[in-house]
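Read the structure below first, then the notes.
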Amino acid sequence: MADTQREIERKYESDESGLPDLTGVSGVRAVIDKGVAHLDAVYYDTADQRLARASTTLRRRTGGSDAGWHLKVPVAPGVRDEIREPLSDTVPRTLAGLVRSRVREAELLPVVRLRSDRDVRHLVDADGVLLAEVSVDAVQAERLTDGGGTAQWTEIEVELADGGDPVFLDKVEKRLRKAGVRPSSSSSKLARALAETAPKQPKKKGAKRREAPVPPQPGPPETAGDHVLGYVRAQRDALLELDPAVRQDTYDSVHRMRVATRRLRSTFRSYGKVLDRTVTDPVGEELKWLASELGVDRDREVMTERLTAVLAELPRTLVSGPIRTRMRTWANARRGGSRRRLIGVLDSKRYLALLDTLDTLVAEPPLLPDAAGRPEKVIGKAVRKDFEKVSALVEEAIGAPPGADRDLALHEARKKAKRTRYAAEAAGPALGAPARALAKSMKSLTSLLGEHQDSVMVRVTLRELSAVAHAAGESSFTYGVLYGREEQRAAAVEAALPGVWEEIGAGVSG
């Protein structure tokens, strides 16, 4: 089982190469010398450095107190999650899976070897509690590909102790800066090693030395296409970033990944005048497939949470039979099967091909003539069109008689409201406050209608569980009580909808 730790650290460099006195840092009572550790790490990546481009590192390290395989995934500036596996000769299967969305079908190869002499100090408080570990690393880097360049440098690394307050790192940095130490220009040792050991381009005879050109930085979005592509790119990136979290069963990761697929699919449909739907529709179908596969796990999460909550609300006098055990067994059985199936989906060629397709779509977008138009006109028209469709569906649902027809109409209205919300989100940077207000209104509407749809699905589940309990000779009384309460919840939503919709309509027209 992989061990995951949150790592909060900062890196520095100094011309003096030494560590200033840190006893004056507020809260530090002592600086304890922990000796020198000799570390030897080989970093793995694809030939075209896909992990490095994603600021992700995978290494096999010996020496020190944490020898083994380490995968570091960025969480925020200066914050990374480190997933560890024991030493082995090949990349552990668990870690290979966690980088598959980045690596795809490419082979992981040893690209850089770093050997470091790490001089370690512990900063402790008056009670001897560790506040941070500070080390001075003398690094020797050797490139294992492209001609095998070498480099060496010394850096200072400050890592916050587990559970520590990040503000403490600010105090240490203030002291370091006073001593002439400056933040490192590289985000990691690997990034610096790759930069400093890169093969030098042969100099043409007689040619003057020129500085390497600086890649142009993308400017602010100007056209409708710029805005839509920016939103598409953000959702593509979300899929890639959430993939490891889903594999690790991180809370809510399945839901967030499913939302990213919906946002992409909705964007392709809402902005069909910007991106050619003959190209995006097939991608949308693949996203629909992925969302449905993710939904197996997500639906289980929602139903389990809802059933647990409604059962907890009941007085003990209304609870009969082993209903809690029955629900727990149902949830665990579904969980095991859906988890195995989901990991299989994320390892499938179909899923990896979808990621490749999204990369190509972002790099070579199928733009239509309207993509060059003014955002206010092109994007505004698309959002208004989506809202008109929502309006028609909500009015239809309100006018439908209670029962299955109304349930279906409300579900369709909810799906269209989600699409309108995502279209408004994409329009936010271009249209400003009106788009943000519409997105907020549509989120409120989808939440209300989602409460209704959850009630519909919970009632289906309760009927199934009741039938199983009855067949086993157990009391089905409590299932009936819960079913009645879910009917009341749905009726309350239906009663509230006309007023909510009137308020939304007034806000949009105003």
Can you check whether Arg177 reaches Glu173 side chain to side chain, under 4.5 Å on heavy atoms? yes
What's the verdict on side chain to side chain contact (heavy atoms under 4.5 Å, CB included) for Val283 and Leu358, showing C-alpha distance, side-chain angles and the deciding distance? CA-CA 8 Å; Val283 184; Leu358 289 172; 3.8 Å; yes
From CA spacing to verdict: side chain to side chain contact (heavy atoms under 4.5 Å, CB included), Ile156, Val134: CA-CA 7 Å; Ile156 297 172; Val134 182; 4.1 Å; yes
Evaluate the side chain to side chain contact (heavy atoms under 4.5 Å, CB included) criterion for residues Tyr44 and Leu109: first the C-alpha distance (whole Å), next the side-chain angles of each, then the deciding distance (0.1 Å), finally the verdict. CA-CA 5 Å; Tyr44 285 70; Leu109 305 167; 5.7 Å; no
Are side-chain heavy atoms of Thr46 and Arg104 found at a separation under 4.5 Å? no
Can you give me the closest heavy-atom contact between Ala291 and Arg258, atom names plus distance? O-NE, 3.2 Å
Check whether any side-chain heavy atom of Asp347 lies under 4.5 Å from a side-chain heavy atom of Ile343, and answer yes or no. yes
I'd like to know if the side chain of Ser186 and the backbone of Ser188 have a donor-acceptor N/O pair within less than 3.5 Å. no
I'd like to check Leu176 versus Pro20 (side-chain heavy atoms, cut-off strictly below 4.5 Å). Are they in contact? yes
Do you know which two heavy atoms are closest between Ala435 and Ala424, and how far apart they sit? O-CB, 3.5 Å
When you check the side-chain N and O atoms of Arg59 and Tyr43, is any donor under 3.5 Å from an acceptor? yes
For Asp3 and Gln5, does a side-chain donor sit closer than 3.5 Å to a side-chain acceptor? yes
Sub-4.5 Å side-chain heavy-atom contact between Arg84 and Trp69: no
Is there a donor-acceptor pair under 3.5 Å between the side chain of Asp165 and the backbone N or O of Phe168? no
Would you say Tyr12 and Val158 make side-chain contact, with heavy atoms under 4.5 Å? yes
List the atom of Ala141, the atom of Ala193, and the distance in Å for their closest heavy-atom pair. CB-CB, 3.9 Å
So, Tyr271 versus Asp386: side-chain donor-acceptor pair below 3.5 Å or not? no
Output for pair (Arg414 CZ, Met442 CE), nearest 0.5 Å, gives 13.5 Å
Kindly write out the residues that satisfy salt bridge (charged side-chain N to carboxylate O under 4.0 Å, His left out) with Glu142, not counting sequence neighbours, or none if the list is empty. Arg115
Steps toward salt bridge (Lys or Arg N to Asp or Glu O under 4.0 Å) verdict (Asp243, Arg247): CA-CA 6 Å; Asp243 180 290; Arg247 292 174 185 271; 2.6 Å; yes
Minimum heavy-atom separation for Thr57 to Leu190, with atom names? CG2-CD2, 3.7 Å
Taking the side chain from Arg50 and the backbone from Val103, do they hold a donor-acceptor pair closer than 3.5 Å? yes
Quick one, Trp289 and Arg350 - any side-chain contact, counting heavy atoms below 4.5 Å? yes
Test side chain to side chain contact (heavy atoms under 4.5 Å, CB included) on Arg118 and Val136; report intermediate values, then the result. CA-CA 6 Å; Arg118 170 165 288 184; Val136 179; over 6 Å; no
Non-neighbouring partners of Ser187 that pass side-chain contact (heavy atoms from CB on, under 4.5 Å), sequence neighbours left out: Ala191
Examine the side chains of Thr446 and Arg421 and answer whether a donor and an acceptor come within less than 3.5 Å of each other. no
Under-4.0 Å salt bridge between Arg306 and Glu451: yes
Are more than 12 heavy atoms, taken from residues, nucleotides or ligands other than Gln152, located less than 6.0 Å from that residue's CD atom? no
Basic-acidic side-chain contact under 4.0 Å: Glu82, Arg6: no
For Arg10 and Glu159: C-alpha separation, side-chain torsions, deciding distance, then whether salt bridge (Lys or Arg N to Asp or Glu O under 4.0 Å) applies. CA-CA 7 Å; Arg10 299 180 187 180; Glu159 182 174 347; over 6 Å; no
Around atom CD of Glu222, are there more than 12 heavy atoms of other residues, nucleotides or ligands at under 6.0 Å? no
Output yes when a side-chain donor or acceptor of Ser253 lies under 3.5 Å from a complementary backbone atom of Asp249, and no otherwise. no
Is a side-chain N or O of Asp226 found less than 3.5 angstrom from the main chain of Thr223, in a donor-acceptor match? yes
State whether the side chain of Thr357 and the backbone N or O of Leu355 hold a donor-acceptor pair below 3.5 Å, judged by distance alone. no
Pairwise distance NE2(His70) to CZ(Arg80) - rounded to 0.5 angstrom: 11.5 Å
Nearest 0.5 angstrom please: Arg419 CZ to Ser270 OG, how far? 4.0 Å
Looking only at side chains, do Glu425 and Tyr231 share a donor and an acceptor under 3.5 Å apart? yes
Spacing of CG belonging to Leu58 relative to CG belonging to Asp45, to within rounding of 0.5 Å: 8.5 Å
Mind checking the OG1-CG spacing from Thr250 to Leu242? Nearest 0.5 Å is all I need. 9.0 Å
For Pro366 and Thr280, which heavy atoms make the closest approach, and how far apart are they? CG-CG2, 4.3 Å
Treating Thr360 as the side-chain partner and Asp356 as the backbone partner, does any N or O pair qualify as donor plus acceptor under 3.5 Å? yes
Return the set of residues passing salt bridge (charged side-chain N to carboxylate O under 4.0 Å, His left out) with Arg192 (not counting sequence neighbours), or none when no residue passes. Glu13, Glu196
Shortest non-hydrogen pair, Leu98 vs Gln248, comes out as CD2-CG, 3.7 Å
Give the C-alpha distance, both sets of side-chain angles, the deciding distance and a yes or no for salt bridge (Lys or Arg N to Asp or Glu O under 4.0 Å) between Arg61 and Asp66. CA-CA 8 Å; Arg61 189 165 79 180; Asp66 61 347; 2.7 Å; yes
Determine which pairs satisfy side-chain hydrogen bond (donor to acceptor under 3.5 Å, both in side chains) with at least one residue from residues 26-39, sequence neighbours left out, and list them in order. His38-Asp117
Would you call Leu144 and Val42 a side-chain contact if the rule is heavy atoms closer than 4.5 Å? yes
Within the side chain of Ser135, is there an N or O that forms a donor-acceptor pair under 3.5 Å with the backbone of Asp137? no
Taking salt bridge (charged side-chain N to carboxylate O under 4.0 Å, His left out) as the definition, give me every residue that meets it alongside Glu133, ordered by chain and number, with sequence neighbours left out. none
Under a 3.5 Å threshold, yes or no: a donor from one side chain and an acceptor from the other, between Thr94 and Glu85? yes
By salt bridge (charged side-chain N to carboxylate O under 4.0 Å, His left out), which residues pair with Asp162, not counting sequence neighbours? none
Give, for atom CG of Leu239 and atom CZ of Arg263, the distance between the pair rounded to the nearest 0.5 Å. 11.0 Å
